[in-house]
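What you see below is based on every heavy atom in this structure, not just the backbone, and it leaves out hydrogens, waters and symmetry mates.
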Amino acid sequence: QTACRQLKEWDDAGLPPLSMAVNFSAVQFQRKGFLDSIRRMLEESGVDSGRLDLEITESALMKNPEEAGSILRSLRELGVKVSIDDFGTGYSSLGYLKRFPVSILKIDQSFVKDIVDSPDDQAIAEAVIALAQGMSLMVVAEGVETEAQLKILEVLECDKVQGFFFSRPLAPDAVGEFCRSRGR
């Protein structure tokens with residue numbers, strides 16, 4: 001609810017249409033009425049559903065894969081993006097990945113941290129990026145802190161990156177100034 005309200009405030013302030021990712025726990029994700037509350041929040045705020053990205057860890061999805069698949073399909077019908085957060089650190093099967101209608105895979109920061117010096121971490125990032133591209137999914141690398149990490153991820157054709165290299169977390173009122181200073 002806070003995310004939708006904030007997106008609307010930024011729209012009203014004249015910022016370009018921003019998207020927002022919101023982390024959800026397994027408990028929240030499987031709570032009765034979860035889908036109805038997401039639908040209601042989007043309607044009340046007037047925010048386009050495609051600008052909302054719900055992040056859930058792969059281990060949370062695996063608690064009840066059949067129910068998770070049903071919820072994910074309903075979210076996709078709403079137009080909401082779903083990210084598998086911390087991909088590669090849990091215990092899910094690649095077979096489930098093809099069954100879950102997700103939009104985004106997020107490479108965990110543990111693989112990004114040493115990507116410059118570790119051929120193994122670079123190989124994992126490269127494999128996740130290739131997997132995502134092969135499945136027509138977007139891939140986001142978390143925890144980018146240096147230009148060297150960014151350059152490797154660019155060479156590997158990672159779609160998006162996030163991390164302290166760009167900014168520390170900002171209060172909502174500081175986001176507008178950040179966007180204006182960056183020209184987007």
Side-chain angles (χ1 to χ4, degrees), residues 1-7 18-45 47-115 118 120-144 153 156 158-164 169:
Q1 188 174 22
T2 302
C4 289
R5 202 175 10 231
Q6 186 60 64
L7 285 170
L18 301 171
S19 296
M20 187 170 313
V22 180
N23 289 306
F24 279 89
S25 71
V27 172
Q28 290 171 307
F29 188 72
Q30 295 176 344
R31 185 174 289 147
K32 185 176 171 95
F34 173 76
L35 286 169
D36 290 334
S37 65
I38 297 293
R39 191 177 291 115
R40 186 180 63 255
M41 288 177 227
L42 287 166
E43 287 173 6
E44 288 174 1
S45 67
V47 169
D48 176 40
S49 61
R51 294 172 54 202
L52 188 61
D53 174 9
L54 304 183
E55 294 186 6
I56 188 157
T57 62
E58 63 179 319
S59 55
L61 289 173
M62 297 311 296
K63 289 189 185 300
N64 186 340
E66 296 307 317
E67 183 180 352
S70 175
I71 293 169
L72 292 173
R73 282 186 290 282
S74 296
L75 287 168
R76 176 169 273 184
E77 289 171 10
L78 278 176
V80 174
K81 293 183 190 96
V82 176
S83 295
I84 297 181
D85 200 11
D86 303 336
F87 183 74
T89 63
Y91 52 88
S92 71
S93 154
L94 292 178
Y96 278 110
L97 180 60
K98 76 177 189 178
R99 289 179 45 201
F100 288 147
V102 298
S103 306
I104 301 165
L105 291 183
K106 297 189 82 174
I107 302 172
D108 187 70
Q109 63 185 345
S110 64
F111 301 120
V112 173
K113 179 181 178 201
D114 297 320
I115 199 168
S118 169
D120 292 342
D121 285 343
Q122 188 169 340
I124 290 169
E126 186 173 11
V128 172
I129 292 166
L131 175 67
Q133 289 172 343
M135 297 180 72
S136 299
L137 302 175
M138 180 174 288
V139 63
V140 177
E142 299 179 302
V144 176
L153 291 163
L156 296 177
C158 186
D159 295 310
K160 292 185 177 184
V161 294
Q162 66 184 59
F164 291 165

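Closest approach of F111 to I124, counting heavy atoms only: CE2-CD1, 3.7 Å. Residues L52 and V80 come closest through the heavy atom pair O-CG1, 3.5 Å. Taking every heavy atom of both residues into account, S49 and L42 meet most closely at CB-CD1, 3.7 Å. Taking every heavy atom of both residues into account, I84 and E58 meet most closely at CG2-CB, 3.6 Å. When all heavy atoms of S45 and C4 are compared, the closest pair comes out as OG-CB, 3.5 Å. In this structure, Q28 and S25 approach most closely via the heavy-atom pair OE1-N, 2.9 Å.
Listed by chain and number, the residues in a side-chain contact (heavy atoms from CB on, under 4.5 Å) with A123 amount to none (sequence neighbours excluded). In terms of the salt bridge (Lys or Arg N to Asp or Glu O under 4.0 Å) criterion, R5 has no residue partners (sequence neighbours excluded). Shown here are the side-chain contact (heavy atoms from CB on, under 4.5 Å) partners of Q30, two or more places apart in sequence or in another chain: K63, N64, E67. With sequence neighbours excluded, the residues that form a side-chain contact (heavy atoms from CB on, under 4.5 Å) with N23 are E55, D85. For the side-chain hydrogen bond (donor to acceptor under 3.5 Å, both in side chains) test, residues two or more places apart in sequence or in another chain that qualify with Q162 are K106. For Q6, the side-chain contact (heavy atoms from CB on, under 4.5 Å) partners at least two apart in sequence or on another chain are E9, W10, M20, P172. Scanning for salt bridge (Lys or Arg N to Asp or Glu O under 4.0 Å) contacts around E126 gives an empty result, with sequence neighbours left out. Applying the ring pair (Phe, Tyr, Trp, His ring centres under 6.0 Å) test to F34 and every residue at least two apart in sequence or in another chain returns F24, F29. Checked against side-chain hydrogen bond (donor to acceptor under 3.5 Å, both in side chains), D53 has the following partners two or more places apart in sequence or in another chain: S83.
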Residues F100, V82; criterion side-chain contact (heavy atoms from CB on, under 4.5 Å); working and verdict: CA-CA 10 Å; F100 288 147; V82 176; over 6 Å; no
Run the side-chain contact (heavy atoms from CB on, under 4.5 Å) check on D86 and E142 step by step: do they pass? CA-CA 8 Å; D86 303 336; E142 299 179 302; 3.4 Å; yes
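With F87 as the partner, the side-chain contact (heavy atoms from CB on, under 4.5 Å) test is satisfied by one option alone out of V139, V140, L97, T57: L97.
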Could you pull out all donor-acceptor pairs under 3.5 Å where a side-chain atom in residues 70-79 meets a protein atom, sequence neighbours excluded?
unit_1, atom_1, unit_2, atom_2, d
R73, NH1, G69, O, 3.3
S74, OG, S70, O, 3.3
R76, NH2, V102, O, 3.0

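With rounding to the nearest 0.5 angstrom, the CG atom of L61 is 5.0 Å from the CD1 atom of I56. Atom CG of L153 sits about 5.5 Å away from atom CD1 of I129, to the nearest 0.5 Å.
A 4.5 Å side-chain heavy-atom check between K81 and I104 finds at least one atom pair inside the cut-off.
Side-chain contact, S110 with D108: a donor N or O sits under 3.5 Å from an acceptor N or O.
Residues in residues 33-42 take part in these side chain to side chain donor-acceptor pair (under 3.5 Å) pairs, two or more places apart or across chains: D36-R39. Residues in residues 20-29 take part in no salt bridge (Lys or Arg N to Asp or Glu O under 4.0 Å) pair, two or more places apart or across chains.
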